[in-house]
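Note that these values count all heavy atoms, side chains included, but never hydrogens, waters or copies made by symmetry. So you know, we letter chains A, B, ... as the sequences are listed, proteins then strands, and number each from 1.
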Amino acid sequence: MKTFKSYVDNPDEDENDEEIKKRASSFFQNDLNPHLLPGEKTVTEADSVLCFVPFTEKKQGISGKLFITNFKLTFLTGDRSSYDQQNRRQRNKLIDDGDIPLTNIESIYQVVSGGKRKKLLPNTTVSTLTKYLEIHCKDFRTHVFGFKFTPKDQIKKITNAVIHYAFPSKSWLLYAYEYAKNLQPTGNGTVSNTPLYSNADDWERELNRCGCTKWNVCDVNRGYCVSQSMPERFVLPMNLMSYDELMKAASQFNENRLPAWCYTHTNGASLVRMAEMYAESELADYVGNSLSSEMYIRTYCNRLKTAIQLADVNKGYPVEMDLTKLCPSLKDVQASYERLKELIFIDSGKDFAVQDISWFSSLEGTKWLTCVSQCLKVACDAAKHLENHTVIIKEPDSRHYCCLISSLVQILLDRHFRTRLGFQSLIQREWVAMGYPFQREGCLVQDSSKSNTEYIPLFLLFLDCVWQLTQQYPSGFAFSETYLVTLWDSVHMGIFETFLFDCCHQRSRYHIDARWQQRLFLPSTWDWNVQFSDDDQSFFNNPLYVMKTNPDVNEALNKAKYLQSSLRSKIPTQELYSYELQNLEGSNLCIDGTKSLKGYRLTPLTGAACMKLWTQCYLRWQTPAQIIGGGNPSQYLQQCVMVEEILCLLHKIEALKKNSAKSANSLARTRSDLVFSMALDTPRTTELLANTYLSSSFPFSSVQRLSREEKSVFTPISLFLEHSTIDYDYSNDDD
Amino acid sequence: MEGNDKDTLAVAPGASTDSISEPSSTNSSKESVSPSKSICSTSSNSSGEQPAATEPTKVSFESSKVTVTEEIPLLPGEKVQGIDENVTYLCPYNRPIKGTLTVTNYKLYFKSVERESPFVLDVPLGVISKIEKIGGATSRGENAYGIDLLCKDMRNIRFAHRQENHSRRQVFEKIQQFAFPITNKQQLFAFEFKEDYGIDGWKVYNPEEEYKRQGLPPESWRITKVNEKYELCDTYPSVLVVPASVSDEDLKQVASHRSRNRLPVLSWIHPESQATITRSAQPLVGGAPLRRNRQDEHYIQTIMDANAQSHKLYIMDARPLVNALANMAKGGGYEREEWYTNAEIAFLDIHNIHVMKDSLRKLREVVFPTIDDSKWLSNIEATHWLDHIKQILAGALRVADKVESAKTSVLVHCSDGWDRTAQLTSLASLMLDPYYRTIKGFEVLIEKEWLSFGHKFAQRVGHGEDRHSDTDRSPVFLQFMDCVWQMTQQFPNAFEFNEHFLITIIDNAYSCLFGTFLCNCDQQRTEKGLKQKTVSLWSFVNCQVEEFTNPLYAATLQQHVLFPVASLRRIELWTGYYCRWNPRMRPQEPIHLRNKELLILKAQLQKKVDELLKELENKKAKGKLASQNSPPRISSPINLHNGLLSPKNM
């Protein structure tokens with residue numbers, strides 16, 4: 001029998017013995033017991049399970065114990081060599097690297113002896129003996145476990161437990177429920193300052209921010225008495241109608257979803273989302289065949305539309321955009337996502353090489369990039385219309401593309417939504433509050449009574465669109481691509497209220513536990529401290545944006561450009577990028593006054609040929625595609641260093657201008673929120689930087705295939721700081 | 001992306017331009033022209049909406065419509081040869097535009113003041129591969145009569161003329177005459193171009209210095225002058241590095257067994273392991289009977305022995321095995337493992353120049369003039385261009401990996417050893433040696449592996465010859481530059497140079513403005529006296545390196561070996577080169593600009609700090625010596641080596 005080989009071949013001379021033990025014990029409780037969250041219970045476990053290293057053709061891996069809890073799948077090992085390379089940079093406080101939250105599981109494949117591979121469906125049980133279990137996750141990672149040495153009774157038990165717990169059939173079976181019940185309430189709910197739009201204030205504030213005077217917050221839906229899928233409060237044209245009339249008008253719309261305000265442009269035109277009205281015949285059924293009452297209700301609707309028109313200061317006729325016709329159908333997106341997954345979920349070097357031959361046509365064949373391009377185009381068109389007209393975007397239930405398009409339009413038009421806070425509030429408002437069915441479309445609950453719903457990755461499509469924008473406007477967004485990927489991963493953590501429910505109504509019901517008569521509380525995703533430390537969060541920030549928005553830097557930059565240009569004119573040298581300069585977004589100069597609030601409309605290229613594959617998100621676990629020592633992260637980190645250096649220099653100049661040695665030291669430098677700004681705060685961070693190797697998958701997956709020879713090509717992150725002129729004299733250390 | 005500039009002529013004559021004056025298709029909002037822009041675009045009166053405001057004299061010329069010749073920027077040595085004031089430029093991305101076409105002995109220059117902002121098209125004649133007449137005197141339809149120029153830089157340029165009086169004849173003849181001087185028994189413009197950049201680019205590469213830099217161990221390798229008069233091998237440089245124990249007499253024996261006498265010589269040596277990369281042409285094994293040459297076998301053994309770390313040698317034959325076999329019929333072939341003991345031969349499966357040429361032709365159809373959005377990726381795939389790029393990168397990766405990881409020497413050859421071999425040795429060197437990733441180092445690399453070792457630029461590019469379909473033309477060098485670009489994308493801070501540097505080099509391989517890329521080998525260059533009679537491209541580049549500097553270059557960070565990923569997942573089409581004429585493929589906010597801003601800002605702030613410090617010291621010194629003040633302590637940078645940050649394992 002072939003012996004199973006641990007992937008680090010020579011665990012000999014180990015100067016870091018203590019270190020490793022310490023790490024190991026800090027991650028796991030003693031004797032291989034999983035670390036449990038409040039309310040989390042171990043369901044079953046299996047011994048001597050093999051966890052394979054990806055792309056080693058199931059030839060390398062580590063042996064350990066596989067646990068299933070009501071929250072996660074977790075693999076623990078006593079093999080200390082596996083702690084040897086703790087260089088996955090991003091650490092989630094809630095889960096460890098080997099943990100798979102059940103809500104993150106996308107599909108499960110069973111391979112039986114003989115090699116037959118079968119997808120395990122929800123609400124089924126298996127009787128065959130599993131040889132390998134392949135878990136495909138929504139974060140695009142594949143985990144493969146082998147049960148060659150596992151006791152047979154355990155194999156069956158664990159296989160069926162995975163199916164059962166990964167695909168709960170009722171929403172109260174989700175772990176979040178247990179979690180909430182057992183969580184110590186932390187004061188008054190949210191810690192993040194992202195508005196949740198559950199009260200009128202948040203809406204008012206947004207209206208004011210837009211300078212919108214013709215619309216107001218309306219609580220006609222109090223107690224969800226009009227529409228169950230809409231929030232209790234939303235925004236309608238001012239002084240429109242009585243609640244009674246509004247309710248009648250609502251009855252004409254799908255799911256009683258009244259048209260709702262999304263955004264008002266500086267020019268007074270607004271963006272409105274609207275569900276489809278029932279067709280005449282349907283309506284007739286609805287109001288009991290009485291022609292007069294139908295007419296009556298029609299009148300309300302017309303009044304509603306007129307009110308929307310009047311709420312536009314330009315009084316023009318609103319442009320209606322039918323998103324069903326303009327956007328790819330949900331079915332197409334679904335199918336496209338399925339094909340994309342085929343390219344992503346691979347675990348063998350052979351498959352990798354075979355795919356590579358026709359990579360471009362396969363990628364095109366998924367049509368994913370076409371979907372992205374189409375959505376961006378619709379959003380651009382809508383944004384353009386909004387320069388002159390009020391725009392009404394409509395689709396049957398106004399709960400899918402309305403979320404996506406309205407968010408994109410606002411990002412294109414308003415730089416507030418390109419900040420982290422603005423972006424989060426946008427998602428909270430247009431997706432979460434307005435009732436994007438995260439639970440249903442995310443297949444979090446597999447109700448056997450309903451036909452098996454397929455995963456609809458509309459939110460991923462949205463994030464991909466935003467990512468394309470960040471690529472086209474590298475200094476336009478306050479957040480980095482790492483933030484977007486992390487956000488996507490957070491959607492599947494399964495314990496945040498943000499992405500767990502279909503609508504506000506469902507969320508509020510969930511929060512009230514009937515038996516215990518107490519209000520339950522789940523954290524919001526926007527409270528990032530629940531998951532990540534400050535230095536992990538520093539990777540969410542975009543150095544080029546810091547550069548652009550810091551007024552001191554901006555002033556200095558403009559001076560520098562001027563100086564540079566006056567120098568240049570002496571030597572008649574070419575200005576390389578003059579064309580491109582004209583193409584820039586309004587960029588640097590708009591830091592003052594009202595313009596800074598609104599910024600300029602982004603006009604991205606939307607042709608499918610200009611769309612790129614979001615490699616950091618989709619390919620981060622594909623070991624053979626990892627660029628070791630390179631990739632976008634190396635560009636990112638270098639920008640961080642440079643911005644930090646510039647901030648230091650500015651600080652020095654400031655101090656020097658005060659013209660005294662004393663003040664030079666006594667002025668505290670403000671922090672930039674970038675990684676190297678905090679680098680020296682804790683020894684842990686410093687040590688991490690020195691031991692974390694850079695690759696294109698940073699900060700997500702670790703560099704594998706370590707061999708002594710290859711070490712020469714690894715770049716510890718701390719090297720970025722060597723020879724940099726950053727100084728860390730934040731505080732006053734005056735003698 | 002780069003080179004959309006009109007004022008290129010004065011300094012960057014190679015970078016031909018085609019400024020699209022269409023209001024940037026993407027940014028139509030009123031805000032798109034902000035006053036700040038002019039701060040950045042210094043001397044530019046170019047591209048689109050930007051009025052030519054920076055140079056008042058020029059503006060007055062334009063407004064008063066003085067004769068055309070006065071407006072044309074001419075290079076020293078450049079003369080106007082013909083002017084046609086009634087020509088229409090048929091831009092594939094815009095409406096036809098009327099203007100004046102001027103032909104000089106170096107370029108064609110089209111200018112239109114028809115629109116608000118002047119439009120200029122400026123193309124060095126060297127870039128033209130073929131000139132054709134379209135339509136006849138009786139052709140119907142607007143703009144059906146004119147000329148079409150097929151260019152080596154992926155585009156076509158089309159002009160329409162009035163149909164009366166054979167109006168295109170003069171232009172056609174002038175272009176024909178000056179675009180193809182060799183065909184017309186004239187001199188290339190490089191011999192007339194007289195510009196002093198203050199730096200002599202011809203001095204960039206000195207072979208002996210370069211080998212010294214590599215650190216030749218004298219006990220195993222020596223520099224030989226046996227080829228000083230190009231008698232041993234006429235396509236090799238005069239300075240060669242060979243195993244120390246082999247006499248010049250033996251070298252002749254070895255050379256006789258290699259195609260065109262291109263015997264194995266040193267290309268690069270690993271500073272620590274002394275594993276080497278050597279290059280040659282194929283051995284002359286032949287068909288039946290097979291020829292064997294003991295000196296060659298012994299010579300290969302000597303190369304292997306020069307590296308004490310390994311008892312093996314890899315022979316990387318760049319060709320597909322079938323091609324190597326086919327070559328046996330023509331007297332060539334490959335090393336047989338039974339004769340070359342301890343050598344292992346591998347075939348890297350890179351196709352020949354004809355396949356590559358055909359692939360580029362297909363690519364051109366896909367990227368120019370317009371692209372099909374819906375089939376973009378599959379169209380690219382069908383050209384196989386990126387497959388070839390991947391194959392070349394993968395081959396170079398294998399060479400570099402053997403040298404670095406296995407500490408084993410590698411001999412690289414193809415058939416003649418001047419196309420695929422040059423690609424592989426130079427790319428492997430680039431992966432292994434950080435020096436070649438600097439601007440100066442890259443210049444040296446091109447001078448060494450491409451120019452001195454006889455890549456036949458004149459033939460592959462077809463300088464000044466009207467033989468568009470010449471089968472010897474092939475984009476071998478372009479492929480290499482594409483591979484380099486792929487590496488710069490994968491390792492954004494490992495290279496000192498930027499994309500503009502690469503494009504400038506490619507453009508000037510065609511432009512015939514500089515002597516650098518002329519001729520096929522060193523011997524010819526010496527005969528023609530290029531160093532004396534022409535200007536080197538590196539003179540032009542090195543007098544303004546900041547233009548070509550990658551702002552993200554982190555010299556200390558990337559001193560290690562680079563192993564790029566040779567997978568199509570990480571290889572992309574170089575749109576900045578292949579699609580640069582298409583305004584719809586240009587980035588909205590180019591990130592390199594942002595990065596450059598960072599660099600400029602940092603430099604100027606540093607200067608400011610230094611000034612202030614000096615000022616302060618002066619004041620102190622003047623102030624009072626009595627108090628004996630020490631200079632102010634401005635928060636000193638932390639010492640990384642002793643401080644918290646000192647990295648482990650370094």
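In the model, A:Gln639 has a side-chain atom that pairs as donor or acceptor with a side-chain atom of B:Asn595 under 3.5 Å. No side-chain N or O of B:Thr488 forms a donor-acceptor pair with one of B:Glu499 less than 3.5 Å apart. Judged purely by distance below 3.5 Å, without hydrogens or angles, the side chains of A:Ser696 and B:Arg570 pair a donor atom with an acceptor atom.
In terms of heavy-atom pairs under 4.5 Å with chain A, the best-connected choice from B:Glu572, B:Glu381, B:Arg569 is B:Arg569.
For B:Ile371, the part lying under 4.5 angstrom from a heavy atom of chain A is the side chain only. Contact annotation for B:Leu599: both backbone and side-chain heavy atoms come within less than 4.5 Å of a heavy atom of chain A. For A:Thr370, no part lies near chain B; criterion is any non-hydrogen pair under 4.5 Å. If you measure heavy-atom distances from A:Ile357 to chain B, the contacts under 4.5 Å come from the backbone alone. Within the 4.5 angstrom heavy-atom criterion, only side-chain atoms of A:Leu544, from C-beta onward, approach chain B. Heavy-atom distances place the backbone of B:Ala566, and not its side chain, under 4.5 Å from chain A. Only the side chain of A:Lys612 has a heavy atom closer than 4.5 Å to any heavy atom of chain B. Proximity to chain B (any heavy atom under 4.5 Å) is shown, for A:Ser358, by both the backbone and the side chain.
Between A:Thr606 and A:Ser373 the shortest heavy-atom distance is O-OG, 2.9 Å. A pairwise comparison of heavy atoms in A:Phe477 and A:Asn542 identifies O-ND2, 2.8 Å as the closest pair.
By the 30° and 60° cut-offs, the orientation of the rings of B:Phe540 relative to B:Phe548 is perpendicular.
For B:Lys608, the NZ atom counts as loosely surrounded, since its 6.0 Å shell holds 12 or fewer non-hydrogen atoms of other residues, nucleotides or ligands.
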